[in-house]
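Counting begins at 1 with the first residue of the sequence. First listed ligand is number 1; within each ligand, the first listed atom is number 1.
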Amino acid sequence: MARVYNFGAGPGTLPPEVLEEARRELIDYQGIGMSIMECSHRAKAYQAVHDEALHNLRQLLQLPQDYALLLLPGGASLQFAMVPLNLASAKDTADYTLTGSWAGKAAKQAAKICRVHTAADTSGERPACMPVPETIRASDHPAYLHLTSNETIEGTQWKSFPKIEFPVVADMSSDILSRPLDISRFGLIYAGAQKNLGPAGIALVAIRRDLAERAPASLPSMLRYRDHIDNNSLLNTPPSFPVYMLMLVTRWILKTGLENIWRQNQEKAALLYQEIDRDRFYQGTAHPQYRSAMNVTFRLPSEALETQFISEAEEQGLHALKGHRSVGGIRASIYNAMPHDGVKQLCRFMADFKNRHSNGNTPG
Ligand SMILES: *Cc1c(COP(=O)(O)O)cnc(C)c1O
């Protein structure tokens, strides 16, 4: 059976060579007579996988020594809570930029833990956009400023980040390691693995070490960065198979080169946006200045055509193009592992679909 081109927003598509490697090693991992999933997380074989995953990520992020790197269970959503639990007390104010669905969810969880100030709000704007860094209105002495580097649902992305004197915390779940990053601009970044880094089940957290000292000792260990740092992300049984898969994916990124990945991502996105902009049949939903290179969102002249578009694409092996249920429309997620050819096939399909359905009576 042939593989489809999977444009799903998450879990996202993985490199076939990584899946092949995992298959080769599944039954007997490197001669230990069992799979890595069945192996003790205190055994040498697993320890080597764990260490390489962290080492590769450190290298890819060019993480300075004063940052700790963690792999934690619970996905990005647990970080919505862990960030305020560790960095703010109940009396503190944390600043949030409301830029779309995921930023809103992060702010809502933080509000259960500390005071939340809205430092910018573009969530209602159409076309969808991100704040201009200069328009951010911070509160007095915020514990941190939170932003969402790529809004997976709206299809928008921060193109440059605010430079401010208090810590910036970024949810990078849907564009982590899709482009080079200057980590020193951030106090903490986090990302669920299942978009660009591997399967679901883990989140990456990079935190400046001094910030990890803020959390009270009374915070339960599983929620406290400092305890995870002291235990090298082995406080309890880690999600060992997802860590192993992430290790293979980071090897693949290192082999390809992050600069090459970024160039390919820009090329793939440009192809799709060019197809959208060719005339008015397809309407991009994100402001051109903030268009995401990861999640390309657009609409057709009617919902009936959108439904037909999605089902015809599916028949051609172009999978999961339906937009998020909260916004409708079409969304093509083109993470690192989406091949150039998948995007080319989608563009060809879009041109053909338009030819068959436009009849010269499209809006505009
Ligand atoms: C997918 C996603 C999340 C949620 O991740 P989980 O691992 O499912 O908790 C959070 N933020 C962003 C930007 C996402 O794309």
Can you name the side-chain hydrogen bond (donor to acceptor under 3.5 Å, both in side chains) partners of Glu275, sequence neighbours left out?
->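 Counting only residues at least two positions away or on another chain, Glu275 forms a side-chain hydrogen bond (donor to acceptor under 3.5 Å, both in side chains) with Arg278.
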Practice prompt. List in chain and number order the residues that pass side-chain hydrogen bond (donor to acceptor under 3.5 Å, both in side chains) with His228, two or more places apart in sequence or in another chain; answer none if no residue qualifies.
Written response: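 His228: no side-chain hydrogen bond (donor to acceptor under 3.5 Å, both in side chains) contacts found.
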- Query: Mind checking whether His41 and Tyr46 have ring centres under 6.0 Å apart?
  - Reply: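 No, too far apart.
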Which protein residues come within less than 4.0 angstrom of ligand 1, counting heavy atoms only?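 These residues qualify: Gly75, Ala76, Ser77, Phe80, Trp102, Thr148, Asn150, Thr152, Asp171, Ser173, Ser174, Gln194, Lys195.
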Note to self: Listing request: all salt bridge (Lys or Arg N to Asp or Glu O under 4.0 Å) pairs with a residue in residues 288-315, at least two apart in sequence or in separate chains.
What the structure shows: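 Counting only pairs at least two positions apart or across chains, the salt bridge (Lys or Arg N to Asp or Glu O under 4.0 Å) contacts touching residues 288-315 are Asp277-Arg291, Arg299-Glu306, Glu312-Arg356.
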query = Quick one: are Val116 and His146 in side-chain contact, heavy atoms under 4.5 Å?
reply =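 Val116 does not reach His146 side chain to side chain.
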_Check whether Arg251 reaches the backbone of Glu52 with its side chain - one donor and one acceptor, N or O, closer than 3.5 Å._
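Not at all, since once roles are kept as given, no pair shorter than 3.5 Å links the two residues.
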